[in-house]
Each structure stands twice: as structure tokens, then as C-alpha cells.
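Here is the naming used below: chain letters follow the sequence lines, and residue numbers restart at 1 for every chain.
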Protein chains: 2
Amino acid sequence: MAQSSRERYRAQVRADIKGHAWEQIATAGVSALSLNAIAKQVGMSGPALYRYFASRDELITELIRDGYRSLADAVQAAAGTDLLELAHVIRDWARADPQRYFLLYGTPVPGYHAPADTTAISREVMVVLIEACAGTDGPPTPFDAHLEAHRDWIDGHPATAATLHRALSFWTRLHGVLSLELAGHFAGMGFDPALLVAEEVIPDQHRRSGITGSSL
Amino acid sequence: MAQSSRERYRAQVRADIKGHAWEQIATAGVSALSLNAIAKQVGMSGPALYRYFASRDELITELIRDGYRSLADAVQAAAGTDLLELAHVIRDWARADPQRYFLLYGTPVPGYHAPADTTAISREVMVVLIEACAGTDGPPTPFDAHLEAHRDWIDGHPATAATLHRALSFWTRLHGVLSLELAGHFAGMGFDPALLVAEEVIPDQHRRSGITGSSL
DNA sequence: TCCGTTGGTTATAGGTTCTAACCAAAGCGA
DNA sequence: TCGCTTTGGTTAGAACCTATAACCAACGGA
């Protein structure tokens with residue numbers, strides 16, 4: 001609880017290191033992250049940094065953890081709003097630091113396995129999404145039935161399989177547009193990705209309005 | 001046309017180098033690609049490789065180009081089939097070598113700009129998708145109207161804005177599921193991503209069948 | 001005050017990309 | 001066949017990187 005002077009100093013230096021690490025990642029990507037460069041920036045030379053992080057991988061793992069935490073905080077702060085608002089919150093969070101988004105959801109490094117707690121934080125995000133999807137079920141689909149048999153991952157959450165399907169779909173569709181947008185694959189096409197996100201995320205409403213009305 | 005002996009040798013060595021490079025990328029990711037290791041594998045030591053590729057970045061750029069070409073070939077070989085078949089062709093192509101997929105559509109490196117011809121190959125893929133989407137238009141949406149004003153990127157293709165929208169949506173949805181699947185973000189959830197892809201890619205059919213029928 | 005823990009240093013090993021300098025061999029025209 | 005030019009290879013080395021080892025100063029609690 002009450003930190004000693006040394007613990008406080010240590011925590012502050014670690015935060016300082018992580019701050020400069022985020023800077024480097026934001027400007028040059030995680031592959032260009034250099035412990036030597038960070039050490040110089042925080043005012044110590046080279047190997048001193050290994051007193052605070054055992055290795056480059058451990059520092060990156062810590063950053064990934066903090067990244068998930070930051071995303072979960074942003075999403076939970078918007079809990080209770082509708083899917084469109086949630087999509088914009090997540091998109092804004094990602095666009096504030098694209099390389100941070102890609103650190104979580106970009107190219108995986110083949111050997112690496114995320115620590116267990118990051119998947120727990122991912123679950124927090126998923127729960128907010130599921131909550132927002134509750135009650136927006138459309139007609140049942142074959143995948144809903146399939147999901148009914150594979151819902152252990154959300155383990156005990158009282159949502160229909162159709163709702164889980166909607167949440168999963170929200171996640172994959174948003175990620176689809178967002179990651180292509182942030183990676184620059186829409187460069188040259190002049191359209192506004194936000195508008196595409198809007199229709200991807202609340203899919204049936206627009207298309208079906210005026211056809212089936214509210215007869216569901 | 002007729003290559004000289006030297007040109008043939010050079011082309012063969014370059015292909016050999018690229019082959020070993022793909023091996024390394026498939027097993028350890030592009031960030032672990034080592035020119036030294038490749039050189040040893042092809043039997044020459046270190047800097048000799050620079051006679052064939054000016055830099056590591058140039059080799060990677062060449063691999064990216066070949067990757068796009070390979071994807072476009074796979075997609076064009078399936079041209080004329082329906083969207084579900086196209087989705088499976090692309091998914092199978094990606095799953096055959098996930099790191100190759102991520103080389104094209106994964107985390108972008110901040111400084112890097114793809115050469116112009118790769119975007120031209122991307123366009124080839126897009127044209128096949130658009131062709132497959134033709135005639136599957138649903139009711140018009142606001143984004144269709146927006147796309148009508150921003151269709152320069154496909155420049156002269158005689159497709160409705162609604163069709164372009166469907167093709168764009170096909171691309172982003174497939175990429176959304178596929179990249180999360182390949183990155184391992186579905187690990188632990190037991191569902192079959194192929195089923196999710198199927199419903200994402202032919203979105204309205206399943207949901208609407210039995211409601212609006214074929215009244216469109 | 002003493003002494004262990006902690007946080008810093010420099011030196012060094014082994015890895016990387018890439019350049020420089022040098023050399024051998026292959027191809028080609030006279 | 002001779003000789004020159006281009007090409008493909010070598011080794012050496014500069015400038016980075018991660019990470020470890022060895023050493024030392026300074027801080028904190030008994």
C-alpha cells in the first residue's frame with residue numbers, strides 16, 4: 001500500500017521508460033523500438049535499463065498489457081451507449097495512436113504468446129460489446145446455433161447466442177475497416193471510413209428500414 | 001526475351017534467395033528476416049547478397065510485390081464464382097501462409113510506402129470482387145450516395161455505387177474475421193471462423209431469408 | 001555505524017545491416 | 001586468342017542492436 005521511497009522511484013523510472021517507448025512506437029513502430037535509444041533519452045546509458053525490464057520482450061509485453069488496459073478503460077467509459085457510439089470511441093482510441101492499435105491487433109509474432117491477463121482484459125471489452133448488443137437480435141442464423149455450442153469463452157454470461165453473434169460481428173467488422181484504414185489501404189479512395197464503419201456496425205437497420213419496418 | 005546465361009543465373013539466385021526469405025518469414029515473421037542467415041543458406045557469405053538486392057527493404061518490397069501477385073492470381077483463378085467461394089479461396093490462400101497475409105495486410109511500418117504497382121495489383125483483386133458483387137445490390141444506403149461522389153479509385157468501372165459498397169464491405173468483413181483468426185485472437189473460443197466468414201460475406205441472405213423472401 | 005540491496009557504470013560478446021576494397025572469373029569484341 | 005569490362009564473390013570493418021559480466025557508489029534499515 002504505502003510505497004517506500006525506492007519503490008516510488010522505481011515506479012516513476014519505469015513509467016518514464018514506458019513513456020519514451022510509446023513515443024518510439026508511435027513514430028517508428030514497435031520493430032524500431034531500441035532499448036539503447038530509450039536509455040539515452042531517460043538519461044542513463046545502455047544496460048542500466050535492464051534493472052527495470054528484464055528484456056526487450058518483457059518491456060513490450062508490459063506495453064501490450066497497458067495498451068489493452070487503456071482500450072478497456074475507454075470502452076468501459078462508454079458502456080451503456082449504443083453500438084455506433086462505441087464504434088466511434090474505439091475508432092478514436094485507435095486513431096489517436098495507430099501503432100498502439102497494431103501492437104494489440106496487428107501482425108502477431110509467431111513465437112509470442114500473450115500473458116493470460118491480457119485476454120482477461122479483452123474479455124472486459126467483449127462484455128461491454130455484448131451488453132450493447134443485447135436485445136438487437138435479428139432472425140436466427142445457422143452460426144447462432146453453432147455459437148450456442150461454443151460459448152464457453154464467455155463462460156456464464158447470460159446473453160443469447162444471437163447477441164454473442166452480434167457482438168462478435170461488431171468486433172470483426174469494426175476491426176476490418178479500422179485496421180485497413182489505419183494501415184493506409186484506403187489511401188487514394190476518397191471516401192470517409194467513418195461512414196462505412198457506421199453502416200457496418202449497425203448493419204441491418206439501414207438496409208432493412210423501409211422494407212421490413214419494425215415488424216421483428 | 002531470350003535471357004543470356006548470366007541473366008538466367010541471376011534470376012535463379014534471386015528466386016533462391018526469395019525462397020529462403022519466404023521460409024524465414026513463414027516461421028519467424030518478417031521482423032526476424034536476416035540477410036546473413038539467408039546468405040548462408042544459399043551458400044554465400046554475407047555481403048554477396050547485396051549484389052542481388054540493394055537492401056533488406058528492397059528484398060522485402062519484392063516479396064510484398066510477389067505476395068500481391070500470388071493473391072491476385074488466386075483470386076482471378078476463382079473469378080466468376082460467387083462471393084462465398086471467393087471468400088474461401090482468399091481465406092485458404094491466407095491460411096496457407098499467415099505471415100504472408102500479414103506482410104500485405106498487417107501492421108504497416110510508419111515510414112514505408114508501397115510501390116505504385118502493388119496498388120495496381122490490389123486493384124485487380126478489387127475488380128474481381130466488384131464483378132462478383134454485381135447485381136447483388138440491396139436497398140440504397142447513405143454510404144452508397146457518399147461512394148457515388150468518391151469512386152475515382154476504381155476509375156471508369158461500370159458498377160453501381162451500391163455494388164462498390166458491397167465489394168468494399170466484402171473486403172473489410174473478410175479481412176476483419178481473417179486477420180483476427182490468423183492473429184490468434186479467436187484462440188480459446190471454439191467456434192469455426194469459416195462459418196462466421198460465410199455469414200459475414202453474404203450478409204443479408206441468411207438473415208432475410210424467410211422474412212422478405214425474394215421480393216427484392 | 002555497518003551492511004545488504006539497489007541502481008548505476010564500463011567492457012564485452014555476438015548479432016544485425018551495410019559499405020569498402022579487393023579479386024577471380026565469365027563474357028565479348030577485335 | 002588476347003584483352004578489357006562487367007559481374008559475382010570474398011574479407012575487413014563501421015555502426016548499430018540486445019544482453020551479460022564485473023564492478024562500484026549510494027541509499028535504507030538494523
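Rounded to a whole Å, the CZ atom of B/Arg10 is 15 Å from the C1' atom of C/dA26. Atom P of nucleotide C/dG15 and atom CZ of A/Arg56 are separated by 18 Å, given to the nearest angstrom. The distance from atom CZ of A/Phe53 to atom C1' of C/dT6 is 16 Å, rounded to the nearest whole Å. The CE-C1' distance, from B/Met44 to C/dC23, rounds to 17 Å in whole Å. The interatomic distance linking B/Asp57 (CG) with C/dC18 (P) rounds to 7 Å, in whole Å. Between the CZ atom of A/Arg8 and the C1' atom of C/dG7 there is a distance of 17 Å, given to the nearest Å. Atoms CG (A/Leu35) and C1' (D/dA19) sit 9 Å apart, rounded to a whole Å. Rounded to an integer number of Å, the gap from OH of A/Tyr9 to C1' of C/dG7 is 7 Å.
Along DNA chain C, the nucleotide nearest to B/Ala54 and the one nearest to A/Ala48 differ in position, and the one closer to the 5' end is contacted by A/Ala48. The 5' end of DNA chain C is approached more closely, in terms of each residue's nearest nucleotide, by A/Val13 than by the other of B/Ser55 and A/Val13.
Counting only distance, with no hydrogens or angles, the side chain of B/Glu199 and the backbone of A/Thr141 share no donor-acceptor pair below 3.5 Å.
The side chain of B/Ser34 sits closest to C/dT16 out of C/dT16, D/dA19, D/dC17. Comparing D/dA19, C/dG7, D/dT11 by their nearest atom to the side chain of B/Ser45 picks out D/dT11. Nearest to the side chain of A/Pro47, among C/dT17, D/dC17, C/dA11, sits C/dA11. Side-chain proximity of B/Tyr50 to C/dT19, C/dT6, C/dT16: nearest is C/dT19.
Relative to the ring axis of A/Trp93, A/Arg100 places its NZ or CZ within 45° and under 6.0 Å from the centre. Judged by a 6.0 Å distance limit and a 45° cone about the ring axis, B/Arg123 is not positioned over the six-membered ring of B/Trp153.
Taking the six-membered ring where the residue is Trp, the centroids of A/Tyr105 and B/His185 are separated by under 6.0 Å. Between B/Phe143 and B/His165, the distance from one ring center to the other falls under 6.0 angstrom.
One finds a side-chain N or O of A/Ser5 lying less than 4.0 angstrom from the OP1 or OP2 phosphate oxygen of D/dG28. Between B/Asn36 and C/dG15 there is no side-chain N or O to OP1 or OP2 distance below 4.0 Å.
Side-chain to base pairing of A/Arg6 with D/dC27: one donor and one acceptor N or O lie within less than 3.5 Å of each other.
Using a 4.0 Å heavy-atom criterion, one finds that A/Leu49 contacts no nucleic acid atom at all. Among the heavy atoms of the strands, none lies under 4.0 Å from B/Leu59.
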